[in-house]
Protein chains: 2
Amino acid sequence: MRELCLPVGLNEHEIQVLGDVVSHKRKVQRGGYLYRTGSKFQSLFAIRRGFLKTCILEQDGRQQVTGFHMTGELLGLDAISTELHTCDAVALEDSEVCEIPFAKLEEISRIIPSLMRHFHKIMSREIVQDHGVMLLLGSMKAEERLATFLLNLSRRFLIRGYSESNFYLRMTREEIGSYLGLKLETVSRAFSKLQDENIITVDNKHIKINDIARLKMKMGNSTCVP
Amino acid sequence: MRELCLPVGLNEHEIQVLGDVVSHKRKVQRGGYLYRTGSKFQSLFAIRRGFLKTCILEQDGRQQVTGFHMTGELLGLDAISTELHTCDAVALEDSEVCEIPFAKLEEISRIIPSLMRHFHKIMSREIVQDHGVMLLLGSMKAEERLATFLLNLSRRFLIRGYSESNFYLRMTREEIGSYLGLKLETVSRAFSKLQDENIITVDNKHIKINDIARLKMKMGNSTCVP
DNA sequence: ACGCCTGATTGATCTGAATCAAAGCCAGCG
DNA sequence: CGCTGGCTTTGATTCAGATCAATCAGGCGT
């Protein structure tokens, strides 16, 4: 738990205090909602196990996936501002989260400065990541976007001790497309193209990265072929 | 100051404590940098006066504007995570900011819970706004993007006591384009189109919104003309 | 085993925005 | 003043990705 939820250099006592905060665990089945847009915010959720997406849906029905989240990540940060959740959080596979009552977290972060600092860093990192996505959406073309996306997943799997070159996508092409600002057909074509070039092997949702270096090339410069 | 930097229901004593944090003011001339990517993070900056943009630039020279910022807004939140600034902050007109040493802010936010809460809300709102931009970049077409952008500015000017229907853009078409994920020509055409429809009047960087209701229509549904 | 349904692939065509190109406008400055 | 350079507008053309459409593969329940 300590490792996942809010790691940091905490001493024995601090870890114990923190343990008290993380009230209880909650399971969310595949397809189930952890929370919904508009519901009252009281807690953050640290993912212990599983895979979720967050998405906002517009009045006219269009939905935009704002992120995919895996073990160890913190959900609900967007809701602090209005005390209402601003997006839906949906499990893409059976998941388990631990609930962190936000008021309590603030309370004990007054006692443990390193915890407070860590929490601030987590929020800040969220902002940095969103800026990265904005860059992607604002200036990359389809293939670059997909390459960036796959490398991002790859790195996150690696950090968690899984293979960086062989993984299973929990989301559909449509969800990937929504996240990347593309239509599902375009996502599918981009997959096929990367496969044709032997950079990856695609078997439905199973992805194998054959040449990570070339995939990285795809990310930065599509047009720079000297 | 109290109103701008970190408003909240603070009592006399708290305001005084806070006053001590906001160490000194700094002026940034038009075109000048408040901070640069990679520079060490120590302080947040609250804008007292002026107008700035933040932007990240990729290895290959492309730049992406991540935001435009006006009086009362807080800059530098992205840098908390790595303690290095992840973007450039450039003044688009002569500006003045007050520097808020972050360590001090954390320190006194331990003493003033409402200040801590307020700070968390500010960070959270930043995340929510970024999600809004992601939605825009991921699923809107040019005209919708520009309408959304203008209405966002309009609202922010209104809040600050300026006209919501008559304002001056500090940024170039290129910067707007970068922010909206469009090329400058497309931005220009979108302006012209809105003008042709008598929804706005454009005189270079002076914008007059003639029909705010119709502009709002443009934002949501481009194709719904019953 | 069968049929159904959801999701994925692939092809053909269309379209919105990018790109290329040419003026035009304005502010600042010699 | 007139020239220069940055910013903007507008037009013509191209192209990446959206849309439309058909087919296919896999998982699930009966």
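Note that the structure is a prediction, hence the values are computed from the model and not measured. Just so you know, these numbers use all the heavy atoms, side chains as well, and skip hydrogens, waters and symmetry mates. Labels below follow one simple rule: chain letters A, B, ... track the order of the sequence lines, proteins then strands, and each chain is numbered from 1.
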Lys/Arg cation over aromatic B/Phe157: B/Arg160, 6.0 Å, 45° cone: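 No, B/Arg160 and B/Phe157 do not form such a contact.
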
Looking only at N and O atoms, is any donor in the side chain of A/Glu185 or the base of D/dC20 less than 3.5 Å from an acceptor on the other one?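 Yes, a donor-acceptor pair under 3.5 Å.
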
Any donor-acceptor pair under 3.5 Å joining the side chain of B/Arg189 to the base of D/dG11?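 Indeed there is one.
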
Could you check how far [atom1] of [X] sits from [atom2] of [N], rounded to whole Å?
{"X": "A/Asp196", "N": "C/dG11", "atom1": "CG", "atom2": "C1'", "result": "14 Å"}
{"X": "B/Glu144", "N": "C/dA17", "atom1": "CD", "atom2": "P", "result": "9 Å"}
{"X": "A/Leu184", "N": "C/dT10", "atom1": "CG", "atom2": "P", "result": "13 Å"}
{"X": "A/Lys193", "N": "D/dA16", "atom1": "NZ", "atom2": "C1'", "result": "11 Å"}
{"X": "B/Arg170", "N": "D/dC7", "atom1": "CZ", "atom2": "P", "result": "17 Å"}
{"X": "A/Met171", "N": "C/dT6", "atom1": "CE", "atom2": "C1'", "result": "18 Å"}
{"X": "A/Asn204", "N": "D/dA25", "atom1": "CG", "atom2": "P", "result": "12 Å"}
{"X": "B/Leu182", "N": "C/dA18", "atom1": "CG", "atom2": "P", "result": "5 Å"}

Decide yes or no on salt bridge (charged side-chain N to carboxylate O under 4.0 Å, His left out) for B/Lys193 and B/Glu143, but give the supporting numbers first. CA-CA 8 Å; B/Lys193 177 131 183 291; B/Glu143 203 180 36; 3.0 Å; yes

Can you pull out how bent the helix from C/dA1-D/dT30 to C/dG30-D/dC1 is, comparing the axes over its first five and last five pairs, to 10°?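 Roughly 30° between the end axes, to the nearest 10°.
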
For a quick test of reading the model: is some side-chain N or O of B/Lys141 closer than 4.0 Å to OP1 or OP2 of C/dA17?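 For C/dA17, OP1/OP2 do not have a side-chain N/O of B/Lys141 under 4.0 Å.
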
Is A/Ser188 near enough to C/dT10 that one of its side-chain N or O atoms lies under 4.0 angstrom from OP1 or OP2?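 A/Ser188 to C/dT10 OP1/OP2: no side-chain N or O under 4.0 Å.
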
Just checking A/Lys205: base, sugar-phosphate only, or nothing, at a heavy-atom cut-off of under 4.0 Å?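 Counting heavy atoms under 4.0 Å across all strands, the contact made by A/Lys205 is with sugar-phosphate only.
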
Under 4.0 angstrom, heavy atoms only, what part of the nucleic acid is B/Gly177 near: base, sugar-phosphate, or nothing?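 The residue B/Gly177 makes no contact with any strand.
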
Identify whether the distance between the nearest side-chain nitrogen and carboxylate oxygen of B/Lys25 and B/Glu96 falls below 4.0 Å.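 B/Glu96 and B/Lys25: not salt-bridged.
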
Between B/Glu73 and B/Arg156, does any NZ, NE, NH1 or NH2 come within less than 4.0 Å of an OD or OE carboxylate oxygen?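 Salt bridge: yes.
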
For the side chain of B/Lys183, counting heavy atoms from C-beta on, which of C/dA18, C/dT9, C/dG11 is nearest?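 Within the option list, the nearest is C/dA18.
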
How long is the gap from CG on B/Leu57 to CD on B/Gln63, to the nearest 0.5 Å?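 If we round to the nearest 0.5 Å, B/Leu57:CG and B/Gln63:CD are 6.5 Å apart.
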
Please tell me if the side chains of A/Met171 and A/Tyr179 come closer than 4.5 Å, counting only heavy atoms from C-beta onward.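 A/Met171 does not reach A/Tyr179 side chain to side chain.
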
Between B/Thr186 and A/Thr186, name the one whose nearest nucleotide on DNA chain D is closer to the 5' end.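 Residue closer to the 5' terminus by nearest nucleotide: B/Thr186.
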
Starting at the 5' end of DNA chain D and moving along, which residue's nearest nucleotide shows up first, B/Arg173 or A/Met140?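 Upstream on the strand: B/Arg173.
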
Take the angle between the ring planes of B/Phe41 and B/Phe102 and call it parallel below 30°, perpendicular above 60°, tilted in between.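 Ring orientation of B/Phe41 relative to B/Phe102: tilted.
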
